[in-house]
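Written below as structure tokens is the structure these notes are about.
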There are 2 protein chains.
Amino acid sequence: MKKTVFVFSSLIVALLVLFKFSKYSYVSGDVSLEIVIAVIAIVFFIIGVYINKRTLQKEKLSSISIDYKKIEQLGISKREYEVLVQISDGLSNKEIADKLFVSESTIKTHVSSLLVKLDAKRRTQAIQKAKALQIIAI
Amino acid sequence: MKKTVFVFSSLIVALLVLFKFSKYSYVSGDVSLEIVIAVIAIVFFIIGVYINKRTLQKEKLSSISIDYKKIEQLGISKREYEVLVQISDGLSNKEIADKLFVSESTIKTHVSSLLVKLDAKRRTQAIQKAKALQIIAI
DNA sequence: TTGGGAGTCATACTAAAGTACCAAAACCAT
DNA sequence: ATGGTTTTGGTACTTTAGTATGACTCCCAA
């Protein structure tokens with residue numbers, strides 16, 4: 001948000017500078033009005049393209065924003081969600097257990113309740129559903 | 001491509017019109033030069049933003065194109081690929097077997113060779129890797 | 001025409017995954 | 001402080017998943 005304010009402030013300043021310059025140029029007869037206007041048009045066109053590119057690229061990087069409300073709606077707890085993420089990363093129950101410093105049976109408990117909450121029969125289906133619901137990164 | 005040419009032609013025409021208008025306005029004294037330039041800047045800025053948005057949105061819609069070359073490189077056969085897609089859809093071996101009208105042991109054979117080719121230990125890891133390699137839809 | 005890849009299937013395993021049920025800490029809000 | 005949820009863990013069991021091996025058919029290119 002701060003960035004946006006900064007960018008737009010810069011734009012306004014640039015506009016003022018350009019307009020001062022154009023007036024001076026026109027009056028002094030160094031540069032024709034057409035060229036000044038053309039330059040302004042092109043510059044602002046490029047700025048527009050650039051700004052938008054950055055914004056959309058950022059969107060694309062995070063791919064899809066995670067729907068935290070849906071996670072809550074489904075009653076998925078914090079720990080369960082952590083397990084879900086690890087599942088979608090292709091880890092086994094044992095590997096998840098080691099990573100989260102708990103026993104494998106704990107992970108099994110979490111997985112079972114996740115399957116119920118996501119209405120899935122298998123962990124692979126849970127991955128598919130979770131991605132469709134946009135509660136995990138795609 | 002045709003669209004791009006059309007858009008840019010339109011832009012040039014718009015530029016010419018604006019510049020004629022600005023010259024007239026300035027000479028006739030109806031509108032101040034500052035405002036004309038500001039309008040031009042804003043208009044072209046908006047055009048820049050808009051054009052880029054359309055382009056990137058299209059990219060985003062097609063999400064990610066499947067890398068068929070990579071599938072070939074990995075030596076994944078047609079049937080194996082079909083199985084891979086069903087796995088990523090969350091189906092069990094039995095369900096895939098029924099869907100493709102073959103026995104479960106056939107699917108197991110395919111899955112095993114898929115795991116080797118994708119260098120995965122589990123089907124969930126195969127899903128993750130296949131998506132990372134962009135050989136299945138995300 | 002023949003060797004090799006692709007696809008099919010079976011048997012017999014082992015290893016994970018998942019279910020059911022229970023239970024005890026730990027945490028958190030009223 | 002107390003009740004409800006979360007997190008943790010265990011046992012015992014069933015179901016899938018995955019491995020290894022061998023075998024048969026089909027098709028296609030050398």
Side-chain angles (χ1 to χ4, degrees), chain A residues 66-133 135-136, chain B residues 66-133 135-136:
Chain A
I66 290 169
D67 192 346
Y68 293 103
K69 287 172 197 166
K70 192 131 260 159
I71 298 175
E72 216 187 330
Q73 275 173 26
L74 293 170
I76 295 174
S77 73
K78 239 183 246 176
R79 203 59 163 166
E80 283 165 357
Y81 183 72
E82 285 185 77
V83 172
L84 178 59
V85 171
Q86 299 303 320
I87 287 175
S88 84
D89 233 51
L91 300 194
S92 70
N93 289 338
K94 187 78 194 68
E95 287 170 341
I96 298 172
D98 291 344
K99 201 164 185 178
L100 301 185
F101 304 108
V102 291
S103 79
E104 194 186 342
S105 65
T106 302
I107 301 299
K108 283 191 177 186
T109 307
H110 289 321
V111 172
S112 278
S113 63
L114 269 173
L115 293 182
V116 172
K117 288 170 184 176
L118 285 170
D119 189 30
K121 285 185 201 146
R122 284 163 291 285
R123 49 170 60 210
T124 50
Q125 201 177 5
I127 295 173
Q128 189 268 315
K129 287 210 171 188
K131 290 191 177 180
L133 290 169
I135 63 176
I136 55 175
Chain B
I66 291 169
D67 192 344
Y68 293 104
K69 287 172 197 167
K70 193 131 259 159
I71 297 175
E72 216 186 329
Q73 276 173 26
L74 294 170
I76 295 175
S77 72
K78 239 182 246 176
R79 204 60 163 166
E80 284 165 356
Y81 184 72
E82 286 185 76
V83 172
L84 178 58
V85 171
Q86 300 303 320
I87 287 176
S88 84
D89 233 52
L91 300 194
S92 69
N93 289 338
K94 187 80 194 69
E95 287 171 341
I96 298 172
D98 291 345
K99 201 165 185 179
L100 301 184
F101 304 109
V102 291
S103 79
E104 194 186 345
S105 65
T106 302
I107 300 301
K108 283 190 177 188
T109 307
H110 288 321
V111 172
S112 278
S113 64
L114 269 173
L115 293 182
V116 172
K117 288 170 185 176
L118 285 169
D119 189 29
K121 286 185 200 144
R122 284 163 291 284
R123 49 170 61 210
T124 49
Q125 200 177 5
I127 294 173
Q128 187 268 316
K129 287 211 172 188
K131 291 191 177 179
L133 291 169
I135 63 177
I136 55 175

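All values below were derived from every heavy atom in this structure, side-chain atoms included, with hydrogens, water molecules and symmetry-related copies excluded.
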- prompt: How is A:Ser92 classified with respect to the nucleic acid when contacts are heavy atoms under 4.0 Å: base, sugar-phosphate, or nothing?
  reply: sugar-phosphate
- request: Give the rounded distance in Å between these two atoms: CD of B:Gln125 and P of C:dA16.
  value: 13 Å
message: By the 4.0 Å heavy-atom rule, please label B:Ser112 as base, sugar-phosphate, or nothing.
response: base
task: May I ask you to say what A:Thr106 touches in the nucleic acid, namely base, sugar-phosphate or nothing, with a heavy-atom cut-off under 4.0 Å?
output: base
- prompt: Rounded to whole angstrom units, what separation is found between the CG atom of B:Leu100 and the P atom of C:dT8?
  reply: 8 Å
- request: Could you check how far CZ of A:Phe101 sits from P of C:dA26, rounded to whole Å?
  value: 19 Å
task: For B:Ile76 and C:dA6, give me the distance from atom CD1 to atom C1', rounded to whole Å.
output: 14 Å
task: Take the C1' atoms of the five end pairs on each side of the helix from C:dT1-D:dA30 to C:dT30-D:dA1, get both axes, and report the angle to 10 degrees.
output: 50°
query: CD1/A:Ile96 to NZ/A:Lys94 distance, rounded to the nearest 0.5 angstrom?
result: 11.0 Å
- prompt: Base, sugar-phosphate, or nothing: which does A:Ser105 touch, judged by heavy atoms less than 4.0 Å apart?
  reply: base
- line: Footprint ends on DNA chain D, 5' to 3', for atoms under 4.0 angstrom from a heavy atom of chain B, come out as D:dA17 to D:dT19
- request: Let me see the working for A:Lys108 and A:Glu104 under side-chain contact (heavy atoms from CB on, under 4.5 Å), right down to the final yes or no.
  value: CA-CA 6 Å; A:Lys108 283 191 177 186; A:Glu104 194 186 342; 3.9 Å; yes
field: Distance (rounded to the nearest 0.5 Å) between B:Ile87 CD1 and B:Leu115 CG
entry: 7.0 Å
- prompt: Are any of B:His110's side-chain N or O atoms less than 4.0 Å away from OP1 or OP2 of C:dT8?
  reply: yes
Length of the line joining B:Leu115:CG and C:dA15:P, which is rounded to integer Å: 17 Å
- prompt: Any donor and acceptor pair, going by atom type alone, linking the side chain of A:Ser88 with main-chain N or O of A:Val85 inside 3.5 Å?
  reply: yes
Distance, rounded to the nearest Å, where A:Lys117 contributes NZ and C:dG18 contributes C1': 16 Å
statement: Distance col, row B:Lys121:NZ vs A:Leu91:CG, nearest 0.5 angstrom, shows 9.5 Å
Non-hydrogen side-chain atoms of A:Leu133 and A:Leu74 separated by less than 4.5 Å: yes
query: Quick one: B:Glu72 CD to C:dG5 P, roughly how many Å, whole number?
result: 15 Å
Ion pair A:Glu82/A:Arg79, N-O distance below 4.0 Å: yes
- line: From NZ of A:Lys94 across to P of C:dT14 the rounded distance in Å is 21 Å
message: With heavy-atom distances below 4.5 Å as the criterion, would you say the side chains of A:Gln86 and A:His110 are in contact?
response: no
Which residue lies more 5' along DNA chain C, comparing B:Arg122 with B:Thr109 via nearest heavy atoms: B:Thr109
field: side-chain contact (heavy atoms from CB on, under 4.5 Å) assessment of B:Arg122 paired with A:Glu95
entry: CA-CA 12 Å; B:Arg122 284 163 291 284; A:Glu95 287 170 341; 2.8 Å; yes
